[in-house]
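Taking it in order: structure first as structure tokens, then the write-up.
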Amino acid sequence: MAQAWPTLKRLYLNDFSARLLDWYDAHRRDLPWRSDTPDAYAVWLSEIMLQQTTVAAVMAYYRRFLTRWPDVRALAAVEDAEVMREWAGLGYYSRARNFLAAARMMAAEGFPVDEAGWRQLPGVGRYTAAAVAAIALGQRAVVVDGNVKRVVARLFIVETPLPAEDEIYRLTDAITPGERAGDFAQAMMDLGATVCTPRSPKCLLCPVRAGCRAYRQGNPTDYPRRSPKKARPERTATAWWIERGEGVALVRRPPKGLLGGMLGLPVSEDAGAGERLGQVTHVFTHFRLTLDVRRGTEIALDGDVEWWPRETLDEAGLPTLFRKAVTIAMQEDANVRSGG
DNA sequence: GATGCGTGGTT
DNA sequence: TAACCAAGCAT
């Protein structure tokens, strides 16, 4: 009888993963990075792009990127600026820089063969290393993203506020099967994205609700517990519209920090003097920025300046903040010229 | 462990 | 509409 509980537990867990995998086989989303013969480079690229970024936003970027640079050797050969341009608008630009750096290493050394090896690459953390190992290498790994945290927190009514890393990794480890760990991970993520959603979970469609403690309690949306969030501070700055015969001045931003490595309009932190062409507000994760766009003339331009004819600005690969600023500036500039 | 790092969709 | 949230990582 000493074996009874472990046996029941094992049966329950096998039942859980079996139910979930059956559901996945029937309902899985058809996504461009899903394949019966997964390619490590493609899976890796998708995982990087999907970090804190919605599937819908990633789709077009992923296709373009993979078409243009279909393997690690092709990517390793291109210049930084080209990759940053391709990433423009997707956000979290250090991802692109790290991905390119890692690709150059791997073009020389080959791909890591296990989770620990992947974990060493720049831009590859605990989640991504596990996801690539499970999905691309077919190895068992414990894959925990935001979806999994929510699903697990509800299944086991985790009372610890997020991130609750230790607890959730331990619980996820306990329900991860030895076979099809990659499909299991993707099943958990699909479940979180389509059924066990943050606001209005569709519990009646859930294949594992029978084993869900939050469902039994009747309050799934109370999980995961969260700590109160901080207020978002307001900041202001001035962006300069400097146009000459050759075009508009764009500067390459320093590699680290906000919009690191991207092209942008020259910016000064203090309020500047000069004709105001407009104002844009942009919400970042940790602050809200109001940007005055002013016409500049003799502003000191530090660092690398590129002059882009205004008709070509669409192809410069500007991050969204500066795309907005450029649009405003050109509209107002046109008004000034026509209206007087 | 807390903070900095983008952007767009949903409610 | 403001808040919330999304296949996180580096420091």
Side-chain angles (χ1 to χ4, degrees), chain A residues 28-29 31-34 42-62 84 87-99 101-102 118-136 141-151 160-166 168-169 172 182 184-194 196-200 221 224 226-235 253-262 264 280-289 318-324:
Chain A
R28 70 184 215 167
R29 291 177 290 175
L31 301 174
W33 44 86
R34 287 188 174 163
V43 171
W44 175 36
L45 172 64
S46 75
E47 293 301 342
I48 299 297
M49 285 190 164
L50 286 161
Q51 289 169 5
Q52 294 290 285
T53 310
T54 57
V55 165
V58 164
M59 207 84 79
Y61 280 87
Y62 174 82
M84 301 314 285
W87 208 274
L90 196 57
Y92 287 135
Y93 299 101
S94 65
R95 293 183 296 178
R97 192 165 278 286
N98 285 330
F99 184 69
W118 279 91
R119 183 69 182 77
Q120 300 304 311
L121 299 178
V124 176
R126 194 176 185 182
Y127 162 77
T128 302
V132 172
I135 297 169
V142 180
V143 181
V144 176
D145 78 326
N147 289 303
V148 176
K149 283 188 176 179
R150 183 173 58 257
V151 171
T160 311
L162 293 186
E165 296 274 320
D166 291 350
I168 292 181
Y169 267 89
T172 308
F184 179 81
Q186 294 179 88
M188 289 286 280
M189 294 190 276
D190 270 21
L191 187 72
T194 64
C196 195
T197 52
R199 301 289 185 86
S200 303
T221 55
R226 294 179 184 282
S227 308
K229 300 200 171 177
K230 292 190 164 183
R232 209 189 318 258
E234 307 272 347
R235 289 198 216 168
R253 298 174 61 84
K256 295 187 177 180
L258 190 72
L259 308 175
M262 302 299 287
V280 297
T281 64
H282 191 73
V283 180
F284 292 96
T285 307
H286 49 301
F287 64 95
R288 174 194 301 270
L289 179 66
L318 295 175
T320 302
L321 165 65
F322 291 116
R323 235 177 4 82
K324 289 186 191 173

For side-chain contact (heavy atoms from CB on, under 4.5 Å), just list the numbers for Met262(A) and Leu318(A), CA-CA rounded to whole Å, side-chain angles, deciding distance to a tenth of an Å, and then say yes or no. CA-CA 7 Å; Met262(A) 302 299 287; Leu318(A) 295 175; over 6 Å; no
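- Taking the charged nitrogens against the carboxylate oxygens, Asp190(A) and Arg34(A) do have a contact shorter than 4.0 Å, which makes a salt bridge.
- Side-chain contact, Arg95(A) with Thr53(A): a donor N or O sits under 3.5 Å from an acceptor N or O.
- Interface residues of residues 50-60 of chain A facing DNA chain B, ordered by number: Gln52(A), Thr53(A); criterion, heavy-atom separation under 4.0 Å.
- A sub-4.0 Å separation between OP1 or OP2 of dT7(B) and a side-chain N or O of Thr320(A) is present.
- Using P as the reference atom, dT3(B) and dA7(C) are 23 Å apart when rounded to the nearest Å.
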Going by atom type alone, with no hydrogens or angles, which donor-acceptor pairs under 3.5 Å involve a side-chain atom of residues 126-134 of chain A and a protein atom two or more places apart or on another chain?
from	atom 1	to	atom 2	distance (Å)
Tyr127(A)	OH	Glu47(A)	OE1	2.6
Thr128(A)	OG1	Gln51(A)	NE2	3.0

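- The side chain of Arg226(A) places an N or O atom within less than 4.0 Å of a non-bridging phosphate oxygen (OP1 or OP2) of dC5(C).
- A cation-pi geometry, defined here as NZ or CZ lying under 6.0 Å from the six-membered ring centre and within 45° of its normal, holds between Arg235(A) and Phe287(A).
- Nucleotides of DNA chain B nearest to Lys324(A) and Gly257(A) differ in position, and the one nearer the 5' end is that of Gly257(A).
- Residues passing the ring pair (Phe, Tyr, Trp, His ring centres under 6.0 Å) test with Tyr61(A), sequence neighbours excluded: none.
- Whole-Å rounding puts the Ile135(A) CD1 to dA7(C) P distance at 13 Å.
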